[in-house]
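What you are looking at is a predicted structure, and each value in this text was computed from that prediction instead of being measured.
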Amino acid sequence: MQSPTPRRPVCAACQRAQSACICAWVTPVDHSVDVLILQHPLEVHHAKNSAGLLHRCLPGSRLLVGESFDASTLRAALPADRYVVLLYPATASVGHRVAPPLEPQRLRDPLQVGLVVLDGTWRKSRKMLHCNPLLQSLPRLALTDVAASSYVIRRAHQPGQLSTFEATCAALAQLEGDAQKYLPLQQAFQGFVMQQAARNPAHANA
C-alpha cells in the first residue's frame, strides 16, 4: 500500500504553494474609483491569473467568481450611488443589447464612479457578457494612450490586449488622472510576471 503523497505547503494569504507565493508583489494602493472584479471560474486556480493579485492591491475592490450571475446578486454588487461603467471595448455582438453611450461629464469625479472588470480570456469574457444582460446595459469605458503589455506569460490574441491587472490599472489612472499613483502596481506586476516566467519558461507567451 503506497503512502499518500505529501501535500505541498500552501500560503494562507494567496492560497498558492509557498514556492509560488505572490504575496511579495502585493502593493496596496488607495483608489477613489469603486472596483468590482468579475472572475471567470476557470481563472481562479490558473497560475497566470492576475486578478487575485489585483484584488489584494486594490483594498476597496470586490471580487466575485462566476460566469452567469444571478441578476439580483450582481445588481447588489454594483454601487447604487455611483456612475457604473464596464471596462470593455465597444464591440457589437448578435444577441446583445446596445450599450448606452458613455457620459464623460459623469466621469469627472472619481469618487462618483464605479468600474466593473471582467477577468478571463477574450472568449470567456465575451461569454460572461453574453450570459449577463445587466452587464450589457452598462456604458463601456475604452482605454486611451495605453502602453504595450508586459504580460509575456500569456499570448495576446489581438494587438493592444492587456492583462486584467494592466487594463484595470490603466483605467484607474485614466479615470483618476494620476498615472504616477499606479506606477508601483505596474512594477509589482512586472515582478509577478518575471516570477511566473522563471517557474515555467516554456510557457512564456503561451
| message | Set out, in order, the CA-CA distance, both residues' side-chain angles and the distance that settles side-chain contact (heavy atoms from CB on, under 4.5 Å) for L54 and V35, then state yes or no. | response | CA-CA 10 Å; L54 174 68; V35 178; 5.6 Å; no
| query | Do the non-hydrogen side-chain atoms of L134 and L78 ever get within less than 4.5 Å of each other? | reply | yes
| Verdict with reasoning, V116 to V85, per side-chain contact (heavy atoms from CB on, under 4.5 Å) | CA-CA 6 Å; V116 179; V85 296; over 6 Å; no
| task | Measure from the side-chain N and O atoms of E166 to the backbone N and O of S163, and report whether any donor-acceptor pair falls under 3.5 Å. | result | yes
| task | Verify, without hydrogens or angle tests, whether K181 (side chain) and D30 (backbone) share a donor-acceptor contact under 3.5 angstrom. | result | yes
| In terms of hydrophobic clusters joined by side-chain contacts under 4.5 Å, are L58 and L183 together? | no
| request: Starting from the C-alpha separation in whole Å, work towards a yes-or-no answer on salt bridge (charged side-chain N to carboxylate O under 4.0 Å, His left out) for R62 and D34. | output: CA-CA 9 Å; R62 286 153 294 127; D34 182 272; 2.3 Å; yes
| L115 vs V84 side-chain heavy atoms within contact, under 4.5 Å | no
| message | I need the E67 CD to F69 CZ distance, nearest 0.5 Å. | response | 9.0 Å
| query | Are C23 and R56 close enough that some pair of their side-chain heavy atoms sits under 4.5 Å apart? | reply | yes
| query | How close do S32 and R82 get, heavy atom to heavy atom, and via which atoms? | reply | O-NH1, 2.8 Å
| request: Check whether any side-chain heavy atom of Q18 lies under 4.5 Å from a side-chain heavy atom of V10, and answer yes or no. | output: no
| Does the pair L141 and L102 meet the rule for a side-chain contact (heavy atoms from CB on, under 4.5 Å), with working shown? | CA-CA 7 Å; L141 177 73; L102 191 69; 4.3 Å; yes
| said: For L64 and Q39: C-alpha separation, side-chain torsions, deciding distance, then whether side-chain contact (heavy atoms from CB on, under 4.5 Å) applies. | reply: CA-CA 6 Å; L64 298 179; Q39 185 177 45; over 6 Å; no
| query | Where is the tightest heavy-atom contact between M128 and L118, given as atom of each residue plus distance? | reply | CE-CD2, 4.2 Å
| query | At their closest point, which heavy atom of A99 faces which heavy atom of L138, and how far apart are they? | reply | CB-O, 3.6 Å
| field | Side chain to side chain, P28 and C57, heavy atoms closer than 4.5 Å | value | no
| R140 side chain to P89 backbone, donor-acceptor under 3.5 Å | yes
| task | Please round to the nearest 0.5 Å and tell me the distance separating atom OG1 of T121 and atom NZ of K127. | result | 11.0 Å
| Short question: side chain of T168, backbone of F165 - any donor-acceptor pair under 3.5 Å? | no
| request: Please name the pair of heavy atoms, one in Y83 and one in P101, separated by the smallest distance, quoted to 0.1 Å. | output: OH-O, 4.0 Å
| Between the main-chain N or O of G60 and the side-chain N or O of H31, is there a donor-acceptor pair closer than 3.5 Å? | yes
| Rounded to the nearest 0.5 Å, how far does SG of C131 lie from CD of Q136? | 9.5 Å
| Do P110 and L175 touch side chain to side chain, with heavy atoms closer than 4.5 Å? | no
| Distance, nearest 0.5 Å, that separates CG of L36 from CG of L87 | 12.0 Å
| said: Give me the atom names and distance for the closest heavy-atom approach of Q174 to L143. | reply: OE1-CA, 3.5 Å
| said: Donor-acceptor check, side chain of D70 to backbone of T73, threshold 3.5 angstrom: yes or no? | reply: yes
| message | Are the side chains of T164 and N49 in contact, using a 4.5 Å heavy-atom criterion? | response | no
| query | Would you say the side-chain atoms of T27 pair up with the backbone N or O of W25, donor to acceptor, closer than 3.5 Å? | reply | yes
| query | Between D119 and E43, what is the shortest heavy-atom contact and its length? | reply | OD2-CB, 3.7 Å
